[in-house]
Amino acid sequence: MEFKITTVSALKQSSACMILPVYSSGTFSKTTKSMDSVLGGRIKRLVSSGDFGGTPGETMLLTDIPEARPDRILLVGCGDRKSFDTTAYKKALSSAWAAVSGKNHADAACYLSLESVSGADAYRRARLAAEIWHHETYRYTATKSASKDRPGQKYISVAADSRNSQQARKGLTHGDAIGKGMSFCRELGNLPANICTPSYLVKQARLIEKSSKRVSLQVLNESDMKKLGMGALLSVTAGTEEPARLLVLKYTGAASKKPPVVLVGKGITFDSGGISLKPGPAMDEMKYDMGGAASVLGAIHAIAAIAPSINLVVIVPTCENMPSGKATKPGDVVTSMSGLTIEILNTDAEGRLILCDALTYAARFKPSSIVDVATLTGACVIALGKHRSGLLSNSDKLANTLLKSGINADDRAWRLPIAPEYMKQLDSNFADMANIGGREAGTITAACFLSRFTEDENWAHIDIAGTAWRSGKAKGSTGRPVPLLVEFLLNG
Ligand code: BES
Ligand code: MN
Ligand code: ZN
């Protein structure tokens, strides 16, 4: 499937299926009005008879329209015209794409993108059209027996005004890349832990490397980690049969002397808790404890496709967290790559242990900033729910840039503090610090722990425990925060 920008007006557009907006007030946009008069007022009659209310997400397919150029018209409810914002626009796109995809219309021409949307210019509107397409059409099939190939479109046209078609074209390209990056991220999060192992992540990283001349991959194994003194990371993998890895993917799009942004993603492919074993219910969901890794891989996947002039390094420490006779025990003290010693009071606080060594390693790239992404704490789900990611940083400037990126990409984060009074909760009688800080402020003390390893860097931490995954009926990976990360890399 390919995306195109079309600057042809609805009146002159031929298409197997034209997508038109209808607001709930009964008012029509210019496009819909023009098509309605070609149809002799058919849309107006549907509205006044109450057959089509224009409520958000409502759709109706009009067929048999010889008087118009397109073969069919899909009406899409957009709700109140005055409150047509990014959220309402995304909802309209979702229902349009859900109605169109899977049908065997050869193409579709979407005119929702011509509407004015508060908070979204032509670039954003086109970008969201492509992004939402991928979000809506992604299906998990990898471990289900033969699912039918769905029919589909050869191409999708997204309407833009000729005055800003260049911006729209750019938005469409970016949205396509971000959407694919999100699907890539979701697939990794959804795959079970018996398939998505650390070595599977290496294979996926190889595919990204192969997709672009600007990307190169380096893989460290456990003996490399030992030589580097990564005692914290190695303590987490001690109880498992699956070998641990540390992946380093470099994207070079600018002069090599330009400092890169480093993204670090937590890659625990299964978190049983280790000796501090988790309770049984919903433990299956801990296969997505590599959601941070999946999102930074999704981000570089998108960046490789967009090919901007930036430098980026993606680091993924990855292993399982399992109990066994060889597993790390509560009370064990380990030495991290930085030299700081850690008393492991709870083996279920493993994410920070693999991240701290990866963060120390990240400094060798002399980065402009380091951002780590991790499904780090259950406390973050309690604090912010599934709507916003937790953001913690030692730099106000970096934190504000990331918050802004989240707003612009509609993939929001919310900042929590890092402060000395919380740091005390990590005091240990037997090491430089403990790996847990008690029940209170769990997201903050986890970030305080990480901050001890990034003192000389511009660093931020994004806790995605709540945002990367949906529980319940729609159980599965969301692809967040790929949009935030790509926004930050492109415009941050
Ligand atoms: N991977 C979990 C955090 C998590 C919990 C992510 C729920 C998504 C949903 C992490 O490794 C963990 O177990 N954290 C502990 C830390 C505690 C032992 C200090 C937690 O949040 O309970
Ligand atoms: Mn854990
Ligand atoms: Zn974990």
Side-chain angles (χ1 to χ4, degrees), residues 189-190 193 196 198 232-233 235-240 242 244 264-295 316-323 327-332 342-358 372-390 392 416 422 425-428 433-450 461-472 475-478 480-481:
N190 289 335
C196 186
L233 201 172
S235 78
V236 176
T237 198
T240 176
E242 279 297 331
V264 180
K266 172 179 172 183
I268 296 290
T269 59
F270 190 74
D271 181 13
S272 71
I275 296 298
S276 314
L277 195 64
K278 285 184 180 295
M283 205 208 267
D284 64 289
E285 299 194 357
M286 281 300 116
K287 68 177 182 180
Y288 94 98
D289 211 17
M290 31 55 70
S295 71
V316 173
T318 172
C319 66
E320 290 181 340
N321 183 24
M322 297 289 277
T328 297
K329 302 165 291 297
D332 286 1
I342 304 161
E343 184 187 13
I344 300 179
L345 289 175
N346 188 322
T347 64
D348 197 11
E350 84 298 340
R352 60 199 79 181
L353 295 172
I354 68 168
L355 287 173
C356 70
D357 281 342
D372 77 73
V373 187
T375 48
L376 205 63
T377 63
C380 193
V381 190
I382 303 302
L384 299 173
K386 58 178 185 263
H387 305 294
R388 295 195 187 192
S389 304
L392 300 101
L416 298 170
Y422 295 99
Q425 289 177 235
L426 294 170
D427 287 351
S428 159
M433 70 190 106
N435 79 325
I436 54 169
R439 255 168 51 80
E440 291 171 11
T443 304
I444 297 171
T445 54
C448 284
F449 179 94
L450 297 176
H461 159 65
I462 305 180
D463 194 329
I464 57 165
T467 51
W469 185 259
R470 289 277 167 282
S471 296
K475 181 151 89 174
S477 174
T478 62
R480 291 178 69 183

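Indexing begins at 1, ligand by ligand and atom by atom, following the structure's order.
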Within-4.5 Å side-chain heavy-atom neighbours: [X] and [Y]:
{"X": "I344", "Y": "S235", "value": "yes"}
{"X": "L355", "Y": "L376", "value": "yes"}
{"X": "T328", "Y": "I275", "value": "no"}
{"X": "T347", "Y": "P330", "value": "yes"}

When only distance counts, is R352 in polar contact with ligand 1, meaning an N/O pair under 3.5 Å?
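N/O-N/O distance under 3.5 Å: no.
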Indicate yes or no: does an N/O atom of D348 lie under 3.5 Å from an N/O atom of ligand 1?
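So ligand 1 has an N or O lying under 3.5 Å from an N or O of D348.
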Starting from [atom], what is the nearest protein heavy atom, named by residue and atom, and what distance separates them?
{"atom": "atom 22 (O) of ligand 1", "answer": "G378 N, 4.5 Å"}
{"atom": "atom 7 (C) of ligand 1", "answer": "M286 CE, 3.8 Å"}
{"atom": "atom 10 (C) of ligand 1", "answer": "L376 O, 3.3 Å"}

For the Mn ion (ligand 2), find the closest N/O/S atom on E350 and give its atom name.
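Of all N, O or S atoms belonging to E350, OE1 is the one nearest the Mn ion (ligand 2).
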Atom name of the N, O or S atom in D271 that lies nearest to the Mn ion (ligand 2):
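Nearest to the Mn ion (ligand 2) within D271's N, O and S set: OD2.
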Min heavy-atom dist Y288 to ligand 1 below 4.0 Å
yes
For E285 and ligand 1, answer yes if some heavy atom of the residue is under 4.0 Å from a ligand atom, otherwise no.
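Flag not set, E285 not near ligand 1.
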At less than 4.0 angstrom from any non-hydrogen atom of [X], what atoms of ligand 1 do you find?
{"X": "T375", "result": "1 (N), 2 (C), 3 (C), 6 (C)"}
{"X": "E350", "result": "11 (O)"}
{"X": "K266", "result": "1 (N), 10 (C), 11 (O)"}
{"X": "I436", "result": "19 (C)"}

How about the Zn ion (ligand 3), which protein N, O or S atoms come within less than 2.8 Å?
K266 NZ, D271 OD2, D289 OD2, E350 OE2
Is it the case that the side chains of E242 and T269 hold a donor-acceptor pair, with the cut-off being a distance below 3.5 Å and no angle test?
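There is no such pair between these side chains.
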Looking at non-hydrogen atoms alone, which of A434, S272, G466, A465 comes nearest to atom 6 (C) of ligand 1?
A465
Below 4.0 angstrom, N of the basic side chain to O of the carboxylate: do K278 and D289 qualify?
no
Is D372 salt-bridged to K266, going by a charged N under 4.0 Å from an acidic O?
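The answer is no: the pair does not qualify as a salt bridge.
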